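The structure appears right after this line, and notes come after that.
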Amino acid sequence: MNPLSAFWRNETVVFHLRAGGCGGCADVVDEWIRSSGRDRLKTTECVSPRHADIIIITGLSCAPAASAAVSIIEQAPAGCRIIVMGDCAAGCGPHRKTGEDPTRLDFEISFDSRIEGCPAGRQSIAGEVKRCLGSS
Amino acid sequence: MTFATKLFYLAVFPGFFFILTGGTLARGLRQSVPAGGHGHDSAFPALSMRALLRLLAGETIAAGGQFHALMWIGPAVKIFSLSWVMCIVFGFMSGDLFLFFTLLLMFSSVDLFVCWLSGGGRVRQQCWRTATAVIGWAVPLSIVLSAIAMRTDSVSMQGIIGWQAAYGPLVVSTEGGIFARIGSIVMVPAGFLCFTSLAGLKPFGTRLFTFQPGDIASEFSGAPLAMLCASQTSALIVMPLIFIALFFAGPASNWLEVVFWVLKVAGAVILMLSVDFMSARAERLKIFYWMVGFGGTSALAAFILTWIGVGT
């Protein structure tokens, strides 16, 4: 990287919130954040929702996990976009078929984008992130 | 008019704008090395000038209790301290070594107060580590500054730089006894450790753009985060410059000498960054043993040697 790019480089700051589940979608997100340059996006991960431009939520949220997730999401700035990724987080995963839907997040907060798939593909993340950034 | 001029010094040159620009260049140099050389550095928010401006205009998430006041005051104090230090080093404002040391202490202690007052448990866990780092640089540096003041017979930064302009850089100057000369050489590693630690670089600096869970930056957002990042960035150029001013200073009466100064500072930046790349971040007890043990002992030995050398 050019040292002079430190002056005007811009990156989209992503906070990744992992809930429960198999972790497949979470791994896809982690890999995508590190290689998002391939999708013509510059992203970097942060450890605090307060720094985030975009929050990506993956995994299954039972009631206690959902309340913890909501308390984390509430710390994000108002302009931050929220994307739920994968069937579990989107509330249409394997648990839906059993008639038990432990996903509670969608009752608590509104999302800007919902990506379905088990696991969801990296192309879908790139597309939704671009769409969210375009609408912000 | 004098007041306005001093404000200009603090805000533009050699104050905030100057050190932020220099620090951003130094950080760009640090980031230009592939991440494999320095671990987790690929994972931190963008900190370019553009990103800082965006943060400045962004939303600041309110923190509870006393911390909310500190969140706004702390980063401003850090920037103000560094700007004032630079004005003293450049001779634009008067100040003795005591004021110089106090300003550095203010710069470093803000991290400690943030850890103490934070509402986050993981940030509070960093209290001991941060306190160790502050003691780690403060003890050796106070002894080193005393030794330098004794050898140069001056308690002001300008006096020390003037002495080196007259007799040559402190480490190679032939002025004074042989013991004083050996003492000056011995105090260089201690000073290097102190300023590396103050800049937040590895192995003994507690934080520099790590943004790991528990880092104080996770408590900040918006404009305070921008100021915090700006202060950490500025430290990357301020600390090497002070190191050069204390040990390798020289005259700056014409452009050639100014260019030589710039090259010396660039060399110090590269040296500090090289040590940073080659090191892992030390744990709390190692910081204490190395900084107070090795650094403090070297500084004390240098002080005694200088005392003997100057006395004879």
Side-chain angles (χ1 to χ4, degrees), chain A residues 1-18 26-27 29-56 68-82 109 112 129 132-134 136, chain B residues 20-35 40-55 57-64 71 119-120 122-123 209-226 228-229 233 236 269-270 273:
Chain A
M1 192 183 70
N2 181 358
L4 292 176
S5 70
F7 274 100
W8 211 245
R9 192 164 59 111
N10 199 16
E11 287 177 334
T12 303
V13 184
V14 178
F15 181 77
H16 179 198
L17 182 56
R18 279 176 179 244
D27 288 348
V29 170
D30 286 344
E31 192 275 332
W32 176 78
I33 289 172
R34 280 154 185 75
S35 61
S36 56
R38 278 192 272 160
D39 300 315
R40 298 182 184 282
L41 273 167
K42 288 179 183 172
T43 58
T44 186
E45 195 171 7
C46 64
V47 296
S48 170
R50 296 171 185 183
H51 306 164
D53 297 319
I54 285 178
I55 294 179
I56 300 179
V70 167
S71 67
I72 290 171
I73 293 166
E74 280 173 347
Q75 295 178 54
C80 178
R81 302 289 165 175
I82 299 169
I109 51 173
D112 295 287
V129 167
C132 286
L133 289 174
S136 62
Chain B
L20 181 59
T21 308
T24 307
L25 271 175
R27 207 195 53 236
L29 191 67
R30 185 174 189 262
Q31 287 171 219
S32 64
V33 177
H40 300 289
D41 277 11
S42 58
F44 59 81
L47 295 173
S48 62
M49 292 279 195
R50 185 177 176 182
L52 289 182
L53 289 172
R54 204 162 55 107
L55 276 176
E59 184 187 356
T60 303
I61 312 297
M71 187 172 77
R122 297 193 76 168
V123 180
F209 314 120
T210 53
F211 288 97
Q212 288 161 353
D215 190 273
I216 59 166
S218 60
E219 294 289 313
F220 291 80
S221 56
L225 179 63
L228 184 78
C229 294
T233 302
L236 275 183
V269 169
I270 290 169
L273 292 181

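Residue numbers begin at 1 in each chain, while the letters A, B, ... track the order of the sequences. Given the structure is predicted, the values throughout are model-derived calculations rather than measurements.
Contact check for A:D53 versus B:R54: side-chain heavy atoms found under the 4.5 Å cut-off.
Partners of A:R40 according to the salt bridge (Lys or Arg N to Asp or Glu O under 4.0 Å) rule, which considers only residues two or more places apart in sequence or in another chain, do not exist here. Here A:A26 pairs with A:H16, A:R18, A:T58 under the side-chain contact (heavy atoms from CB on, under 4.5 Å) rule; sequence neighbours left out.
Contact of A:A52 with chain B is not made at all, since no heavy-atom distance falls under 4.5 Å.
Nearest approach of A:S48 to B:S218, heavy atoms of both residues: OG-O, 3.2 Å.
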